[in-house]
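Below is one structure, written out as structure tokens; comments come after it.
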Amino acid sequence: MTTSAEPELPGEDADRELTVDELAARVGVTVRNVRAYSARGLLPAPRMVGRTGYYGREHVARLLLVREMLAEGYSLAMIERTLASAPPTASSATLALHRALLAPWLPPEPEDLTGAELAARAGVPEDPDLVDRLVGLGLVERLGEGELRVLDPALLTAGLQVVALGVPPDDLIDAQTRVNEHVREIAQTYVRMFLGSGLQAFVDAGAPPDQLQRVQDTVSRLQPAAAQALLAAFRTEMASAVEQAIESVLSRLGEE
């Protein structure tokens with residue numbers, strides 16, 4: 001993995017604030033792109049003097065990282081989600097580490113659709129209260145009048161498959177809310193394990209660049225390994241729960 005490096009400038013030019021035109025020229029992008037990235041929240045706000053914005057080192061570092069991620073095939077939506085929790089004044093090295101650790105865990109690209117389209121896919125009447133519950137679950141965001149953004153289309157697809165089996169949407173949301181609570185605890189368990197197995201030592205050492213690739217490789221392997229272990233445990237517990245439920249139902253039928 002490569003990391004963004006801010007161009008070195010001699011003397012006091014290294015700390016000189018830049019106008020938007022100078023920033024664009026420094027990084028090698030268009031002013032229009034700089035404004036578009038700013039509108040999406042990919043760049044920290046500039047220091048304003050009247051109607052003129054001034055940009056510093058942190059803006060150069062962030063813009064270089066955005067350009068690099070675009071070159072690697074990231075979409076703007078993916079970059080936006082990757083950087084959403086990063087400190088606005090983080091260095092290029094910190095941002096690169098943030099990307100390396102977070103990117104493998106991000107869900108697929110979000111999907112935009114209308115409330116009517118969502119209801120049609122679920123095979124139920126359009127219901128604003130149901131959408132409110134999906135928003136509360138963190139699955140959907142409201143974009144505007146009737147416009148929605150599904151943050152995890154894979155989870156939505158799985159949910160629609162369950163609804164197609166005859167499970168009422170409200171019951172499914174109740175169940176998914178409880179599942180999310182357990183999954184959150186499981187995720188924290190794995191994170192604590194990962195922190196204790198090397199990441200904390202890497203951070204305490206100041207995130208040495210020569211060890212970054214090793215950490216990134218570990219994160220990449222941890223994701224499928226954790227998912228496989230969780231699925232295997234779920235299958236075992238699901239088989240036991242189904243067996244108990246079937247025995248209970250058959251027992252009641254026998255009594256009748």
Do [X] and [Y] have side chains that get closer than 4.5 Å, going by heavy atoms?
| X | Y | result |
| --- | --- | --- |
| Leu222 | Met193 | yes |
| Arg67 | Leu64 | yes |
| Leu18 | Val60 | yes |

Q.
Under the salt bridge (charged side-chain N to carboxylate O under 4.0 Å, His left out) definition, can you give me all pairs with a residue in residues 31-52, not counting sequence neighbours?
A.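 Every salt bridge (charged side-chain N to carboxylate O under 4.0 Å, His left out) pair that includes a residue of residues 31-52, provided the two are not neighbours, is Glu17-Arg47, Arg40-Glu80.
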Q: Return the set of residues passing salt bridge (charged side-chain N to carboxylate O under 4.0 Å, His left out) with Arg221 (not counting sequence neighbours), or none when no residue passes.
A: none
Q. Got a sec, which residues hit salt bridge (charged side-chain N to carboxylate O under 4.0 Å, His left out) with Glu22, two or more places apart in sequence or on another chain?
A.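 Glu22 satisfies salt bridge (charged side-chain N to carboxylate O under 4.0 Å, His left out) with Arg16 only.
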Q: Look at the side chain of Ser248 and the backbone N and O of Gln244, then say whether any donor-acceptor pair between them is shorter than 3.5 Å.
A: no
Q) When you look at Glu117 and Leu148, which way does the side chain to side chain contact (heavy atoms under 4.5 Å, CB included) test go after all the steps? A) CA-CA 10 Å; Glu117 290 170 337; Leu148 306 173; over 6 Å; no
Q | Worked check of side chain to side chain contact (heavy atoms under 4.5 Å, CB included) between Val140 and Leu156 | A | CA-CA 9 Å; Val140 168; Leu156 175 65; over 6 Å; no
Q. Which residues pass the side-chain hydrogen bond (donor to acceptor under 3.5 Å, both in side chains) test with Asp204, sequence neighbours left out?
A.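 For Asp204 the side-chain hydrogen bond (donor to acceptor under 3.5 Å, both in side chains) partners, ignoring immediate neighbours, are Gln200.
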Q: For Thr30, check side-chain hydrogen bond (donor to acceptor under 3.5 Å, both in side chains) against everything at least two apart and list the hits.
A: Asn33
Looking only at heavy atoms, which two atoms of [X] and [Y] are closest? And how far apart?
| X | Y | result |
| --- | --- | --- |
| Thr19 | Tyr55 | C-CD1, 4.0 Å |
| Pro44 | Glu58 | CG-CG, 4.5 Å |
| Ala229 | Tyr190 | CB-OH, 3.5 Å |

If Ile, Leu, Val, Met, Phe, Trp and Tyr residues are connected whenever their side-chain heavy atoms lie under 4.5 Å apart, and connections chain through other members, are [X] and [Y] in the same group?
| X | Y | value |
| --- | --- | --- |
| Val31 | Tyr54 | no |
| Leu113 | Leu151 | no |
| Val20 | Val49 | no |

Please table the atom pairs, donor to acceptor, closer than 3.5 Å between any side-chain atom in residues 175-185 and protein atoms at least two apart or in another chain.
{"unit_1": "Gln176", "atom_1": "NE2", "unit_2": "Asn180", "atom_2": "OD1", "d": "2.8"}
{"unit_1": "Thr177", "atom_1": "OG1", "unit_2": "Ile173", "atom_2": "O", "d": "2.8"}

Q. Taking ILVMFWY side chains as joined if any heavy atoms are under 4.5 angstrom apart, and letting links pass through other members, which residues group with Val163?
A. Val162, Val167, Leu172
Q | Hydrophobic cluster (4.5 angstrom, side-chain heavy atoms) - remaining members for Leu143 | A |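 When side chains under 4.5 Å apart are linked, Leu143 ends up in no cluster with other residues.
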Q: Could you tell me the separation between the CE atom of Met69 and the CD1 atom of Ile79, rounded to the nearest 0.5 Å?
A: 5.0 Å
Q | Spacing of CG belonging to Asp112 relative to CD belonging to Glu141, to within rounding of 0.5 Å | A |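 Separation between the atoms: 9.5 Å.
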Q. Counting only heavy atoms not in Met48, do more than 12 fall under 6.0 Å of its CE?
A.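 More than 12 heavy atoms, drawn from other residues, nucleotides or ligands, come within 6.0 Å of this atom.
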Partner set under side-chain contact (heavy atoms from CB on, under 4.5 Å) for [X], not counting sequence neighbours:
| X | value |
| --- | --- |
| Leu43 | Val34, Tyr37, Ser38, Arg62, Leu63 |
| Glu243 | Glu247 |
| Ala154 | Pro108, Asp152 |

Donor-acceptor pairs under 3.5 angstrom involving side-chain atoms of residues 127-134: please list them, not counting sequence neighbours.
{"unit_1": "Asp127", "atom_1": "OD1", "unit_2": "Asp129", "atom_2": "N", "d": "3.0"}
{"unit_1": "Asp132", "atom_1": "OD1", "unit_2": "Arg142", "atom_2": "NH2", "d": "2.5"}
{"unit_1": "Arg133", "atom_1": "NH1", "unit_2": "Asp170", "atom_2": "O", "d": "3.4"}
{"unit_1": "Arg133", "atom_1": "NH1", "unit_2": "Asp170", "atom_2": "OD1", "d": "3.0"}
{"unit_1": "Arg133", "atom_1": "NH1", "unit_2": "Asp174", "atom_2": "OD1", "d": "3.3"}
{"unit_1": "Arg133", "atom_1": "NH2", "unit_2": "Asp174", "atom_2": "OD1", "d": "2.4"}

(Q) If you apply the rule side chain to side chain contact (heavy atoms under 4.5 Å, CB included), what do you find for Leu76 with Leu70, and how did you get there? (A) CA-CA 7 Å; Leu76 285 175; Leu70 286 170; 4.0 Å; yes
